[in-house]
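Side chains included, hydrogens not; waters and symmetry mates left out as well; all remaining heavy atoms used. We name chains A, B, ... by the order of the sequence lines, and we start the count at 1 in each one.
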Amino acid sequence: MAIRVYNTTHNQKEDFIPLVEGRVGMYCCGPTTYNYIHLGNARPLVVFDTIRRYLLWRGFEVTYVQNFTDIDDKIIKRGVQENLSAAQIAAKYIAAYFEDAQALRVLPADVHPKVTEHIEDIVVMIQEIIDNGHAYVVDGDVYFDVTSFPQYGKLSGRALEDMQAGARVEVGDVKRNPWDFALWKAAKPNEPAWESPWGMGRPGWHIECSAMSCKYLGKEFDIHGGGADLIFPHHENEIAQSQAANSGGFARYWLHNGFITVNDEKMSKSLGNFFLLRDILEKFSGDIVRFYLLSTHYRSPIDFSDDKLLMAQKSLERIRNSYYLLQESEKRAVEAPAALTETIAIAKAAFVEAMDDDFNTALAVAAVFDFCHELNAYLQDNVQPSTTDIKDAKQLFADFDSVLGMILPQEQSNSGLAEDLLQLILEIRTMARGKKDWATSDFIRDGLKNVGIVLEDTPQGVRWKKA
RNA sequence: GGCGCCAUAGCCAAGUGGUAAGGUAGAGGACUGCAAAUCCUUCAUUCCCCAGUUCAAAUCUGGGUGGCGCCUCCA
């Protein structure tokens with residue numbers, strides 16, 4: 001069965017057939033690095049990371065490219081505010097980006113190209129667009145001529161005439177048409193600038209993605225992703241530029257994630273209702289944020305609130321508890337006929353079916369829950385589970401985790417001293433319990449809870465975990 | 001003004017023709033010194049409203065109501 005993906009180009013689900021069998025080229029619009037990323041920026045990161053992980057898990061050879069827009073008006077402005085150069089601002093927030101991405105367990109892309117390191121490629125592409133009669137030069141600026149490109153508006157489902165009917169028209173402009181957009185901007189005084197055939201200047205926003213995707217993935221490639229707010233004009237412009245320069249080609253499948261909302265309003269920089277990811281990470285771990293983001297289909301809107309993250313936390317704990325029980329049962333496992341083989345096969349099939357259907361992570365997570373429930377019941381009913389079952393179940397969790405990226409807790413190194421002290425405390429508590437000294441026992445349990453260690457007494461002894 | 005999306009339990013959320021997944025919260029029970037975790041049972045005669053198509057609709061069609069988004073930097 002083929003993977004089905006919803007392609008914005010045709011507004012429908014289609015069979016995913018890569019250009020080259022077994023290989024996928026994937027480009028995703030990355031952040032403009034003038035601030036820490038907010039939760040709205042985090043969604044495409046996690047969504048497309050998950051899609052990439054799934055394609056890898058399904059056996060495709062994936063080349064994943066995500067750019068950094070490291071030169072732009074907002075970066076320059078921020079530099080003035082922070083008294084740093086544009087390059088310093090970009091470097092600062094790119095470093096911060098990688099910290100945030102790591103917290104979300106987003107794997108680094110194969111290539112993270114930066115605009116400032118690809119000026120040559122961009123200039124060459126702009127020249128091609130001019131040579132092919134799709135752009136014009138005005139006083140050191142270069143503009144794309146949308147009227148030269150009949151397909152303009154196809155991705156976003158709008159016609160040039162419709163847009164002009166009701167839209168506010170930019171005034172006092174040198175552009176021939178209000179929808180023409182800058183490929184190259186002439187330098188203003190005291191701004192970073194690069195040499196070009198049209199004078200000193202810098203690239204427009206859209207051209208970078210066309211130039212860099214072409215460089216690393218070729219003129220035609222498989223998947224292009226990004227937030228739904230990039231459909232127009234950014235992605236529309238990318239298509240126009242790339243096809244104008246290369247006489248066709250470009251991305252075959254356009255995937256767009258829905259928005260994060262706050263009180264049902266879009267979280268956005270202009271509305272000022274955004275939450276920086278690092279502020280959220282003060283209260284909830286990256287795994288929880290990731291789980292929250294994947295518990296809704298990627299094209300649907302998700303509303304943000306602490307309550308929703310709290311629910312995500314509880315849900316993820318249920319899965320993790322099941323995994324703890326599995327790990328614990330290893331000690332008492334024996335060689336015995338496997339009983340879970342079919343359960344595991346069903347869970348895996350349900351997971352694959354869900355992910356194959358336009359990466360339905362919400363349904364895939366449900367498959368994980370169903371499996372946890374079956375596994376818990378099995379481990380409860382069997383004092384001596386089968387080693388084969390244990391091994392296969394662990395592998396299934398590993399599979400789930402390699403795709404969803406937050407099922408299993410990350411290996412955390414406890415400092416030796418703290419670990420030793422905790423063991424000592426637990427021994428003292430066990431002694432107290434032996435004497436039915438419940439006051440001491442509960443005092444220790446409550447005290448540890450206050451520092452984030454949860455104790456659970458089981459027939460096999462006490463078990464602890466971080467809250 | 002143009003284009004588009006959404007409406008499922010207290011909350012979150014799958015499900016696009018065959019008789020409502022999953023999570024969370026709640027209720028009862030088992031286990032426990034008490035908890036926690038886990039297990040068992042329970043929790044939408046019904047999917048915003050109205051009409052239609054069909055043997056059959058949350059799912060399709062038409063109309064209505066409500067909410068949101070894009071058209072401008074935005075993921």
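Mapped onto RNA chain B by nearest heavy atom, A/Lys308 and A/Arg433 fall at different nucleotides, with A/Lys308 at the one closer to the 5' end. Between A/Gly157 and A/Ser322, the residue anchored nearer the 5' end of RNA chain B, judged by the nucleotide with its closest heavy atom, is A/Gly157.
Atom CD1 in A/Ile319 sits about 10 Å away from atom C1' in B/G22, given to the nearest Å. Note: CD (A/Glu374) to C1' (B/G22) measures 13 Å, nearest angstrom. Rounding to whole angstrom units, CG of residue A/Asn321 and C1' of B/U38 are separated by 9 Å. Atoms CG (A/Asp370) and P (B/C39) sit 12 Å apart, rounded to a whole Å. As rounded to whole Å, 14 Å separates atom C1' of B/U38 from atom CD of A/Glu317. When the P atom of B/C73 is taken as reference, atom CD1 of A/Ile75 falls 16 Å away, rounded to whole Å. Computed from coordinates, the A/Asp73 CG to B/U72 C1' distance equals 14 Å when rounded to whole Å. Going from atom CG of A/Asn11 over to atom C1' of B/C6 covers 15 Å, rounded to whole Å.
Within 4.0 Å (heavy atoms only), A/Ser295 reaches sugar-phosphate atoms of the nucleic acid but no base atom. Within 4.0 Å (heavy atoms only), A/His297 reaches sugar-phosphate atoms of the nucleic acid but no base atom. Looking at heavy-atom distances under 4.0 Å, A/His373 makes contact with sugar-phosphate atoms alone, never a base. Residue A/Leu379 is classed as having no contact, given no heavy-atom separation below 4.0 Å to the nucleic acid. When heavy atoms are screened at a 4.0 angstrom cut-off, A/Ile302 is found touching no nucleic acid atom at all. Across all strands, A/Gly258 comes closer than 4.0 Å to base atoms (heavy-atom distances). Base engagement by A/Asp442 is indicated by at least one non-hydrogen atom pair under 4.0 Å involving a base atom. Residue contacts for A/Thr296: at a heavy-atom cut-off of 4.0 Å it reaches the sugar-phosphate backbone alone, with no base atom in range.
Between A/Asp72 and A/Lys74 a salt bridge is recorded (basic side-chain N to carboxylate O distance below 4.0 Å). With salt bridges taken as basic N to acidic carboxylate O contacts below 4.0 Å, one links A/Arg58 and A/Asp356. Contact check on A/Lys394 versus A/Glu330 returns a salt bridge, with a Lys/Arg side-chain nitrogen under 4.0 Å from an Asp/Glu carboxylate oxygen. Comment: A/Arg53 does not engage A/Asp401 in a salt bridge, judged by the lack of any side-chain N to carboxylate O separation of less than 4.0 angstrom. Between A/Asp357 and A/Lys13 a salt bridge is recorded (basic side-chain N to carboxylate O distance below 4.0 Å). Ion pairing between a basic and an acidic side chain is recognised when a charged N comes within 4.0 Å of a carboxylate O; A/Asp392 and A/Lys348 show no such pairing. Using a 4.0 Å cut-off between charged nitrogen and carboxylate oxygen, A/Asp442 and A/Arg445 count as a salt-bridge pair. The pair A/Asp110-A/Arg52 counts as a salt bridge, with a side-chain nitrogen and a carboxylate oxygen less than 4.0 angstrom apart.
The gap from the P atom of B/A25 to that of B/C39 amounts to 13 Å, rounded to the nearest Å. The separation of B/U16 from B/G28, taken at their C1' atoms, amounts to 38 Å, rounded to a whole angstrom. A gap of 22 Å separates the P atoms of B/G64 and B/G69, to the nearest Å. For B/U24 and B/U42, the C1' atoms lie 16 Å apart once the distance is rounded to whole Å. Comparing the P positions of B/A57 and B/A51 gives an interatomic distance of 14 Å, to the nearest angstrom. Only the P atoms considered, B/U41 is 27 Å distant from B/A13, to the nearest whole Å. Nucleotides B/G23 and B/C49 are separated by 27 Å at their P atoms, to the nearest Å. Annotation: B/A7 and B/A14 have their P atoms spaced 9 Å apart (nearest Å).
Distance from the side chain of A/Trp205 is smallest to B/C74 among B/C74, B/A75, B/U38. Of all nucleotides listed (B/C73, B/A75, B/A13), B/C73 comes nearest to the side chain of A/Ser270. Closest to the side chain of A/Ala366, out of B/G22, B/A35, B/U38, is B/G22.
A centroid separation of less than 6.0 Å is found between the aromatic rings of A/Phe98 and A/His112. Aromatic ring centres of A/Tyr97 and A/Phe68 lie closer together than 6.0 Å.
Both geometric conditions, a ring-centre gap below 5.5 Å and a plane tilt below 30°, are not fulfilled together for A/Phe369 over the base of B/G23.
The base of B/A35 lies close enough to the side chain of A/Arg445 for a donor and an acceptor atom to sit less than 3.5 Å apart.
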CA sep, side-chain torsions, deciding dist, call: A/Arg429, A/Asp457, salt bridge (charged side-chain N to carboxylate O under 4.0 Å, His left out): CA-CA 11 Å; A/Arg429 179 166 179 274; A/Asp457 295 306; 2.9 Å; yes
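Using a 4.0 Å cut-off, some side-chain N or O of A/Lys269 falls inside it from OP1 or OP2 of B/A75. Listed pair A/Asn376 / B/C39 meets the phosphate criterion, a side-chain N or O lying under 4.0 Å from OP1 or OP2. For B/U38, the OP1/OP2 oxygens have a side-chain nitrogen or oxygen of A/Arg318 closer than 4.0 Å. The side chain of A/Trp438 places no N or O atom within less than 4.0 Å of a non-bridging phosphate oxygen (OP1 or OP2) of B/A35.
Consecutive Watson-Crick or G-U pairing (both distances under 3.5 Å) extending over three or more pairs maps onto RNA chain B as B:1-7 with B:65-71, B:10-12 with B:22-24, B:26-30 with B:38-42, B:48-52 with B:60-64.
With 3.5 Å as the limit, one finds a donor-acceptor pair spanning the side chains of A/Asn321 and A/Lys465.
Residues A/Ile76 and A/Ile71 have side chains in contact (heavy-atom distance under 4.5 Å, counting atoms from C-beta outward).
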Write down the protein N/O and nucleotide N/O pairs, taken from nucleotides 68-70 of chain B, whose separation is under 3.5 Å; answer none if there are no such pairs.
{"unit_1": "B/G69", "atom_1": "OP1", "unit_2": "A/Lys266", "atom_2": "N", "d": "3.3"}
{"unit_1": "B/C70", "atom_1": "OP1", "unit_2": "A/Lys266", "atom_2": "NZ", "d": "2.8"}
{"unit_1": "B/C70", "atom_1": "O2'", "unit_2": "A/Arg158", "atom_2": "NH2", "d": "3.3"}

